[in-house]
Amino acid sequence: MADIERLLMGTETVLPEGELAERIAEGKPLRVKLGMDPTAPQVTLGWAVVLRKLRHFQEQGHTAVLIVGDFTAQVGDPSQRSETRQRLSAAEVRGYAEKALDGFRRVLLPDPLEIRYNSEWLGELSMSDVLELMSKSTLAQMLERDDFQKRYRANEPISMMEFMYPLLQGMDSVAIDADIELGGSDQLWNLLVGRDLMGKFDKRPQMVMTVPLLVGTDGVHKMSQSLGNYIGVDDEPAEMFGKIMSIPDEAMGEYYRLTTELPLDEVAGVLAGLEDGSVHPGDAKRRLGREVVALFHDAGAATDAEAAFDRIFKDKDAPEEVAEFALDDDDPVWLPGLLKDAGLVSSTSEGKRMIAQGAVKLDGERVEEERVARPDLSGRVVQVGKRRFVKLLPAGDVPPPGT
RNA sequence: GGUGGGAUGCCCGAGCGGACAAAGGGAGCAGACUGUAAAUCUGCCGGCACAGCCUUCGGAGGUUCGAAUCCUCCUCCCACCA
């Protein structure tokens with residue numbers, strides 16, 4: 001029942017070529033490894049690309065082996081890094097791991113799924129094990145790697161620990177007998193180290209499969225939490241939809257291909273329509289937004305998200321649900337202070353600037369003054385910019401938090 | 001171990017005794033324009049009840065009327081030599 005086509009769909013590199021068919025033909029379910037270092041709590045749409053690939057394997061009866069890199073997270077993957085990562089504490093890592101696994105489960109099937117923490121074996125290594133591991137690779141091999149080479153040439157520090165990272169990740173493959181390891185295209189080098197290492201430990205070397213990296217909402221850089229250009233798989237529908245709408249048009253094709261489950265010919269149809277002008281880019285992006293929201297929430301949420309979006313950005317109304325904030329007794333009210341207290345701006349200075357720039361509105365009316373009479377505020381909605389809203393209530397009318 | 005160079009705001013980076021809350025760029029935020037696009041233009045971009053004051057230029061001291069700039073010690077980074 002193997003559908004190799006589907007497994008290969010949307011991949012970037014699969015090595016060695018042709019071996020996948022052979023391994024599947026052997027009839028045993030493959031152990032498909034995917035490593036995740038819990039260095040941040042959110043699972044992004046970029047991650048969802050490779051997760052969905054893993055799911056395709058699951059759907060065909062192969063075992064997803066998810067490695068939670070609780071040990072390696074504390075070392076730090078040097079991939080695509082221009083500087084040494086900050087080390088995380090064990091507690092932080094554990095917290096992130098739990099949160100991230102929730103996100104992963106939104107995409108993966110519950111079965112067949114094996115979740116392993118790599119501290120299980122890496123934490124056990126003795127010094128002589130580590131030395132043996134190190135003896136299996138050379139400095140020249142390490143420096144082959146682009147990230148290291150750039151940093152080395154630019155006179156930037158590279159810690160010895162960072163050299164260990166790929167080896168540790170490779171040990172994971174040895175420990176769990178991976179048949180194939182998945183990853184984003186920036187992981188190719190690391191994955192190959194794992195393959196190499198398995199051979200040196202007399203195991204059958206794993207195959208490697210990479211999927212393209214998804215650009216972030218800026219359309220330029222890889223989607224990542226540290227860059228703040230990400231869409232989380234557990235983002236609220238409205239948020240998710242809004243973020244999709246904000247990607248540059250040029251990134252749409254990539255998003256259609258990598259983040260939706262639409263059939264390829266349909267995607268091709270949309271893209272061709274964009275090309276010849278028969279499809280309006282705004283409509284195409286809306287559809288993309290609906291597809292993605294529907295995938296992680298449901299179709300109803302998708303329509304609602306689109307409606308909420310129109311309400312705020314097209315009709316420029318306040319959203320249906322607005323956080324509430326209690327006014328205190330001052331009269332007149334000094335607005336910069338209020339905006340800060342309500343969390344709409346981060347300082348009173350910023351509040352003053354926002355007012356000066358015409359970004360502050362009361363029920364849609366621009367506010368020019370820093371001081372406003374209390375009765376003019378009570379019960380109305382203050383807005384900063386296009387997307388920050390708070391409804392003002394007289395003190396006492398706000399239900400206590402948590403109800 | 002020796003010698004030399006370096007650490008500046010979210011990031012990069014200029015400044016090298018007063019005119020410095022610190023050039024310039026990027027990111028970000030806001031306004032205009034739009035399809036909340038993108039591009040573009042404009043403004044903002046440490047804090048403070050704000051024509052003033054307070055805290056920032058790796059850390060701690062010192063010199064000076066005055067220090068991001070000079071001196072001392074410390075921490076960290078880089079290069080070259082060994």
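Being a predicted model, the structure only gives us computed values, none of them experimental. Here is how names work: the chains are called A, B, and so on, in the same order as the sequence lines, proteins then strands, and each is numbered from 1.
Counting any heavy atom pair closer than 4.0 Å across all strands shown, A:Ile247 reaches sugar-phosphate atoms only and no base atom. Looking at heavy-atom distances under 4.0 Å, A:Lys243 makes contact with a base.
Two residues are said to be in side-chain contact when any heavy atoms from C-beta on lie closer than 4.5 Å; A:Glu181 and A:Arg195 fail this criterion. Between A:Gln206 and A:Ile180 the shortest side-chain heavy-atom distance does not fall below 4.5 Å.
Distances were taken from every side-chain heavy atom of A:His280 (C-beta onward) to each of B:A38, B:G35, B:A49; the shortest belongs to B:G35. Taking only side-chain atoms of A:Arg371, from C-beta outward, the nucleotide of B:C48, B:A49, B:A32 with the closest atom is B:A49. Nearest nucleotide to the side chain of A:Lys285, out of B:A30, B:G35, B:G47: B:G35. You'll find that the side chain of A:Arg353 is closest to B:C44, out of B:A30, B:C44, B:C48. In the set B:C29, B:G31, B:A49, the nucleotide with an atom closest to the side chain of A:Glu350 is B:C29.
The pairing partner recorded for B:A51 is none, the criterion being a Watson-Crick or G-U wobble arrangement whose two distances lie under 3.5 angstrom. Across every strand in view, B:G58 sits in a pair with B:C74 that passes the Watson-Crick or G-U test at under 3.5 angstrom.
A cation-pi contact links A:Arg94 to A:Tyr117, judged by a cut-off of 6.0 Å to the six-membered ring centre and 45° from its axis. Cation-pi contact between A:Lys285 and A:Tyr255: absent, since separation from the ring centre below 6.0 Å together with deviation from the ring axis within 45° is not met.
Contact annotation: side chain of A:Asp283 to base of B:G35, donor-acceptor pair absent below 3.5 Å. Applying the 3.5 Å distance criterion, the base of B:C50 shares a donor-acceptor pair with the side chain of A:Thr348. Scanning atom types as modelled, no donor and acceptor separated by under 3.5 angstrom connect the side chain of A:Gln357 and the base of B:G31.
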